[in-house]
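Below is one structure, written out as structure tokens; the observations come after it.
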Amino acid sequence: MTDGAPGAGSGAGLPGRIVIAGAGLAGLRTAEELRGRGYSGSITLIGAEHRPPYDRPPLSKQLMLGKADDTTLLSAESGLEVDLRLGERAEGFEADGQRGGLLRSDRGSHRFDRLVLATGARPVSLPGQGRQRFLRTMDDALALRALLRPGLRLAIVGAGWIGAELATAAAAAGAAVTVVEAGPAPLAAALGADIGKLTVPWYAAAGVDLRLSTPVASVEDGGLALADAGWLAADEIVTAVGVRPATDWLAGTGAALDRGAVAVDEQLRSSVPGVFAVGDCAAFWSPRYQARIRGEHWDVALRAPAVAAANLLGGSETYDPVLYIWSEQFGRMIQYAGRHTSADQRVFRGDPAGSRWAAGWLDERGRLTALLTVDAPRDSVQGRRLIESGAVIDPGRFADPAVPVRAAVLS
Ligand code: FAD
């Protein structure tokens with residue numbers, strides 16, 4: 001048993017022991033936000049990996065391109081005063097309402113007054129006996145980078161964000177890259193096939209062989225067995241077909257799940273009193289979108305912890321962001337803010353065959369619901385603000401790249 005001291009300097013009515021399961025970005029940010037709000041009780045941060053918390057987006061970008069070797073976020077000098085338990089895996093918990101509870105791990109147990117679930121997500125794997133690699137951890141990334149060499153036959157399954165970024169780096173290293181995608185276009189699930197199709201020429205220009213509408217049946221020694229009975233020979237195979245919340249360990253705890261993620265309300269509270277969830281393992285209720293949204297984006301893991309920390313300490317703040325994701329692929333910066341539906345009107349800004357362009361979506365009242373930009377970061381910043389404020393847009397002015405996005409608002 002590893003007990004923190006109850007009420008350790010945290011002040012009357014505040015939790016004395018906060019345990020955070022999962023030492024990724026969301027877990028670390030929760031600890032930082034707690035300390036930033038003056039919380040002086042004990043914080044135990046439990047991480048299954050042996051590395052201290054690190055940033056994942058650079059793994060498929062700067063690190064894979066050889067521009068960085070380490071993305072660690074927490075240095076020994078941070079002064080954060082957390083009890084960091086690395087190489088320890090949470091296995092379950094029992095909670096007793098506002099009286100707190102006990103988290104069980106493969107190393108023992110930890111009493112808590114409040115518990116934060118931040119165990120992230122893990123990659124989905126494909127059937128088959130062959131070796132499939134993934135790109136989720138820093139160790140995955142370093143091992144993959146060491147393999148990249150001219151002539152390596154690399155098959156990447158999935159033309160999503162990670163697949164496209166890895167293809168970029170592998171092609172730059174001279175590998176013979178084939179990306180196999182079950183859907184009709186890259187990024188079809190994230191942005192829709194019509195937009196995803198606009199990225200197809202990027203693959204060809206980088207010398208990447210992109211095979212669309214090609215489902216994989218299984219990963220075998222020496223290659224991929226395709227669903228149409230075809231075969232794709234490869235020296236190395238990376239599966240990049242999405243992630244699943246790492247929540248298996250919560251079975252029997254009473255924490256309600258939504259499509260595998262911990263279901264939390266707009267205050268990031270789970271169905272178990274005193275237990276919160278943040279980041280990729282959580283699905284939060286969004287009043288803005290009237291839907292439960294799965295984290296899965298860096299921006300959520302970065303910002304939701306501020307709200308979780310406030311509420312852990314007795315607050316009642318709401319987390320209801322305009323969603324935001326970015327990607328760096330084939331030498332381009334892609335940013336997508338908001339959320340659109342097929343009912344929204346799509347308006348292009350600039351020529352999508354060109355090097356710099358954007359696409360906006362307007363709802364039936366003319367409000368900007370989402371904005372995709374390619375190498376147009378200023379447009380992205382301005383668009384995000386307009387989405388946030390629910391501004392009504394003049395589609396004609398929006399479509400003109402000479403007019404700043406913020407000036408496309410109808411007064
Ligand atoms: P994680 O980072 O997954 O951290 C969770 C931690 O909990 C992990 O270390 C895990 O080992 C640990 N854990 C799991 N189970 C247990 C357990 N039972 N007990 C203890 N510990 C456990 N997002 C973007 O918006 N833009 C990008 O460009 C982008 N690029 C990315 C590139 C890569 C290669 C990857 C992998 C992700 C990328 N993302 C990107 C997504 C973004 O990194 C994630 O949304 C973010 O890391 C989620 O943080 P998290 O702390 O919730 O989860």
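Computation of the quantities below employed the complete heavy-atom set of this structure, encompassing side-chain atoms and omitting hydrogens, waters and symmetry-equivalent molecules. Positions are given from 1, in the same order as the sequence printed here. Only a predicted model underlies this, so the values are computations on that prediction, with no experimental measurement involved. Start at 1 and go down the list; that is how both ligands and their atoms are numbered.
The distance from the CD1 atom of Ile46 to the CD atom of Glu91 is 11.0 Å, given to the nearest 0.5 Å.
Protein heavy atom in closest approach to atom 6 (C) of ligand 1: Gly24 N, 3.8 Å. Atom 3 (O) of ligand 1 has as its closest protein heavy atom Arg136 NH2, 2.7 Å. Of all protein heavy atoms, the one closest to atom 32 (C) of ligand 1 is Ser60 OG, 3.3 Å. The nearest protein atom to atom 47 (O) of ligand 1, hydrogens excluded, is given as Arg56 CD, 3.6 Å; this is a heavy-atom distance. Asp280 OD1, 2.7 Å is the protein heavy atom nearest to atom 45 (O) of ligand 1. For atom 40 (C) of ligand 1, the closest non-hydrogen atom on the protein side is Pro57 CG, 3.9 Å. For atom 16 (C) of ligand 1, the closest non-hydrogen atom of the protein is Thr119 CG2, 3.3 Å. Considering only non-hydrogen protein atoms, atom 53 (O) of ligand 1 sits nearest to Gly120 CA, 3.2 Å.
Ion pairing between a basic and an acidic side chain is recognised when a charged N comes within 4.0 Å of a carboxylate O; Arg17 and Asp113 show such pairing. Under a 4.0 Å N-O distance rule, the pair Arg356/Asp375 does not qualify as a salt bridge. At a threshold of 4.0 Å, the pair Arg136-Asp140 does not count as salt-bridged, since none of the basic side-chain nitrogens sits closer than that to a carboxylate oxygen.
At least one heavy atom of Glu88 lies less than 4.0 angstrom from ligand 1.
At a 4.0 Å heavy-atom cut-off, ligand 1 does not touch Trp161 at all. The proximity of Cys281 to ligand 1, defined as any non-hydrogen pair under 4.0 Å, does not occur for either the backbone or the side chain.
Within the cation-pi definition used here (under 6.0 Å to the ring centroid, within 45° of the axis), Arg349 qualifies as a partner of Phe398. A cation-pi contact links Arg384 to Tyr324, judged by a cut-off of 6.0 Å to the six-membered ring centre and 45° from its axis. Seen from the ring of Trp202, Arg332 counts as a face-on cation partner, given the 6.0 Å and 45° thresholds. Both tests do not hold together for Arg269 against Phe276: distance to the six-membered ring centre under 6.0 Å, angle to the ring axis within 45°.
The shortest N or O to N or O distance between Ala246 and ligand 1 is not below 3.5 Å. By the 3.5 Å distance cut-off applied to N or O atoms, Ile162 is not counted among the residues near ligand 1. Not one N or O of Tyr324 is nearer than 3.5 Å to an N or O of ligand 1, by distance alone.
Residue Gln129 places its CD atom among 12 or fewer non-hydrogen atoms of other residues, nucleotides or ligands, all under 6.0 Å distant.
Remark: ligand 1 atoms within the under-4.0 Å shell around heavy atoms of Lys61 are 27 (C), 28 (O), 29 (C), 30 (N). Contact atoms of ligand 1 toward Ala118: 5 (C), 7 (O) (distance under 4.0 Å to a heavy atom of the residue). Taking a cut-off of under 4.0 Å to the non-hydrogen atoms of Gly47, the atoms of ligand 1 that pass are 21 (N). Every atom of ligand 1 with a heavy atom of Leu135 under 4.0 Å away is listed here by number and element: 34 (C), 36 (C). Of all atoms in ligand 1, numbered sequentially from 1 with element shown, those under 4.0 Å from a heavy atom of Ala301 are 48 (C), 49 (O). Under a 4.0 Å criterion applied to the non-hydrogen atoms of Glu296, ligand 1 contributes the atoms 45 (O). Each of the following atoms of ligand 1 lies closer than 4.0 Å to a heavy atom of Ile46: 20 (C), 21 (N). Set against the non-hydrogen atoms of Gly279, the atoms of ligand 1 under 4.0 Å away are 52 (O).
No side-chain N or O of Glu266 forms a donor-acceptor pair with one of Thr318 less than 3.5 Å apart. Counting only N and O atoms by type, the side chains of Glu165 and Ser327 include a donor and acceptor under 3.5 Å apart. In this model, no donor atom of one side chain and acceptor atom of the other lie less than 3.5 Å apart for Thr168 and Gln329. Tyr54 and Glu49 share a side-chain donor-acceptor pair at under 3.5 Å. In this structure, a donor-acceptor pair under 3.5 Å is present between the side chains of Trp298 and Asp55.
Nearest-heavy-atom check against atom 9 (O) of ligand 1 across Arg294, Arg89, Glu49 picks out Glu49. Taking each of Gly22, Ala21, Ala90 in turn, the one with a heavy atom nearest to atom 18 (N) of ligand 1 proves to be Ala90. With distances taken over non-hydrogen atoms, the option nearest atom 24 (C) of ligand 1 out of Tyr54, Trp249, Phe134, Trp298 is Trp298.
Phe330 and Tyr203 have tilted rings, their planes meeting at an angle from 30° to 60° on a 0 to 90° scale.
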